[in-house]
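What follows is a short report on a single structure.
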Amino acid sequence: MFKIGLGYDIHKLVENRDLIIGGVKITHEKGLLGHSDADVLVHAIIDALLGAAGLADIGTLFPDTDPKYKDADSIVLLKNVFELVKKKGYKINNIDSNIIAQAPKMMPYIPKMKEILAKVLDLDIENLSIKAKTKEKLDAVGEKLAIEANAVVLLEK
Ligand code: ZN
């Protein structure tokens, strides 16, 4: 049996924040604003996993009103979610994802992101796709005010 899940996230780029995407700290003059570390890619993957497994969404599981999740490491949240998914008897078939950012360039960081996420999710690298796109200078992402990510996950049991 297969279950598909779709995840989307966006965070604002602001001064005085680290930029962490896919568990990797990226050199940039701004970082993403959020209650947690605002790892936009990991959040999209978490929501895709939760959606596929028929579980509550990320905002319900890890509310941003809960001080416990202030500056939380999203990789730890991902580990928790993967445990919930496994508890329901699923394994991950594959993940495809996009990071949409006008700047900085994501390409140099993608191999490291894949290494980190594949390890956490017990996946072969070839079953974990992370693609980088710009927004052709259109809208808030194109104006470098925000970074977006989306992900699809296929679960099987
Ligand atoms: Zn988020």
Side-chain angles (χ1 to χ4, degrees), residues 2-53 55 57-59 61-62 64 69 71-82 85 90-156:
F2 288 99
K3 292 276 189 181
I4 194 164
L6 171 66
Y8 167 81
D9 199 24
I10 184 166
H11 284 269
K12 216 191 267 187
L13 274 168
V14 295
E15 313 260 337
N16 302 314
R17 287 274 297 182
D18 286 337
L19 180 59
I20 296 166
I21 301 183
V24 177
K25 194 168 163 187
I26 292 171
T27 309
H28 194 49
E29 74 268 19
K30 290 182 174 179
L32 293 174
L33 180 66
H35 186 65
S36 68
D37 65 5
D39 190 326
V40 67
L41 175 64
V42 170
H43 293 180
I45 291 172
I46 285 175
D47 246 0
L49 283 166
L50 292 170
L55 294 161
D57 71 9
I58 186 171
L61 272 181
F62 310 113
D64 64 8
Y69 302 116
D71 299 319
D73 178 350
S74 295
I75 294 292
V76 174
L77 304 184
L78 180 64
K79 281 180 185 162
N80 293 343
V81 165
F82 185 45
V85 166
Y90 293 109
K91 71 183 267 292
I92 300 170
N93 186 82
N94 72 303
I95 294 176
D96 189 16
S97 63
N98 291 323
I99 305 164
I100 306 139
Q102 199 62 42
K105 288 246 171 292
M106 292 294 144
M107 268 310 174
Y109 300 99
I110 285 180
K112 186 72 189 165
M113 292 177 194
K114 284 188 177 179
E115 189 188 315
I116 291 170
L117 299 181
K119 195 173 167 209
V120 169
L121 298 172
D122 202 11
L123 273 175
D124 288 339
I125 294 278
E126 64 175 26
N127 292 327
L128 172 63
S129 160
I130 302 172
K131 309 191 293 300
K133 299 191 72 70
T134 72
K135 204 104 190 216
E136 297 291 337
K137 299 187 180 162
L138 295 165
D139 78 27
V141 172
E143 288 167 22
K144 304 178 189 171
L145 300 174
I147 293 179
E148 271 177 333
N150 39 54
V152 285
V153 169
L154 191 66
L155 298 181
E156 61 176 303

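From a predicted model like this one, the values you see are computed outputs, not experimental measurements. No hydrogens, no waters, no symmetry mates; every other heavy atom, side chains included, goes into these values.
- No donor-acceptor pair under 3.5 Å is formed between the side chain of Asn98 and the backbone N or O of Ile100.
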Test side-chain hydrogen bond (donor to acceptor under 3.5 Å, both in side chains) applied to Asp64 and His35, step by step: CA-CA 6 Å; Asp64 64 8; His35 186 65; over 6 Å; no
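- Side-chain contact between Leu117 and Ile95: absent, with no pair of heavy atoms (C-beta onward) separated by less than 4.5 Å.
- The neighbour count for Lys131 NZ, taken as heavy atoms of other residues, nucleotides or ligands under 6.0 Å away, is above 12.
- Within a 6.0 Å radius of NZ in Lys135, other residues, nucleotides and ligands contribute more than 12 heavy atoms.
- Between the CD1 atom in Ile116 and the CG atom in Leu121 there is a gap of 11.5 Å [rounded to 0.5 Å].
- At a threshold of 4.5 Å between non-hydrogen side-chain atoms, the residues Tyr109 and Ile21 do not count as touching.
- Nearest approach of Lys3 to Ala52, heavy atoms of both residues: CB-O, 3.3 Å.
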Candidate pair Leu13 and Leu32, rule side chain to side chain contact (heavy atoms under 4.5 Å, CB included), full reasoning: CA-CA 5 Å; Leu13 274 168; Leu32 293 174; 3.7 Å; yes
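- To the nearest 0.5 Å, the span separating CG on Leu128 from CG on Asp122 amounts to 12.0 Å.
- Closest heavy-atom contact between Val42 and Ser74: CG1-O, 3.4 Å.
- With a 4.5 Å cut-off on side-chain heavy atoms, Leu49 and Ile92 count as touching.
- Note: Leu155 CG to Asn94 CG = 10.0 Å, rounded to the nearest 0.5 Å.
- Shown are Leu41, Leu19, Val141, Ile26; of these, the side chain to side chain contact (heavy atoms under 4.5 Å, CB included) with Ile147 is made only by Leu19.
- You'll find the side chain of Met106 reaches within 4.5 Å of the side chain of Met113, heavy atoms only.
- Rounding to the nearest 0.5 Å gives a distance of 9.0 Å between CD1 of Ile99 and CE of Met107.
- In terms of heavy-atom proximity, Ser129 sits nearest to Ser97 at O-OG, 2.8 Å.
- For the pair Asp9 and Asp47, the minimum side-chain heavy-atom distance is 4.5 Å or more.
- Here the closest heavy-atom approach between residue Ile110 and residue Ala132 is recorded as CD1-CB, 3.9 Å.
- Two residues are said to be in side-chain contact when any heavy atoms from C-beta on lie closer than 4.5 Å; Lys30 and Arg17 fail this criterion.
- Distance check, rounded to the nearest 0.5 Å: CZ of Phe62 to CG of Asp57 gives 10.5 Å.
- In this structure, Lys114 places its NZ atom where more than 12 heavy-atom neighbours from other residues, nucleotides or ligands lie under 6.0 Å away.
- With hydrogens and angles ignored, the 3.5 Å screen pairs no side-chain donor or acceptor of Asp124 with any backbone N or O of Glu126.
- For the pair Asp39 (side chain) and Gly22 (backbone), a donor-acceptor distance under 3.5 Å is present.
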Residues Leu33, His11; criterion side chain to side chain contact (heavy atoms under 4.5 Å, CB included); working and verdict: CA-CA 6 Å; Leu33 180 66; His11 284 269; 5.8 Å; no
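- Looking only at distances, no side-chain donor or acceptor of Gln102 sits under 3.5 Å from a matching main-chain atom of Glu143.
- For the pair Asp18 and Asp37, the minimum side-chain heavy-atom distance is 4.5 Å or more.
- Minimum heavy-atom separation, Ala44 to Ala149: CB-O, 3.8 Å.
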Test log, rule side chain to side chain contact (heavy atoms under 4.5 Å, CB included), inputs Val81 and Leu50: CA-CA 7 Å; Val81 165; Leu50 292 170; 3.8 Å; yes
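- At a threshold of 4.5 Å between non-hydrogen side-chain atoms, the residues Val76 and Tyr69 do not count as touching.
- To the nearest 0.5 Å, atoms CD1 (Ile20) and NE2 (His28) are separated by 13.5 Å.
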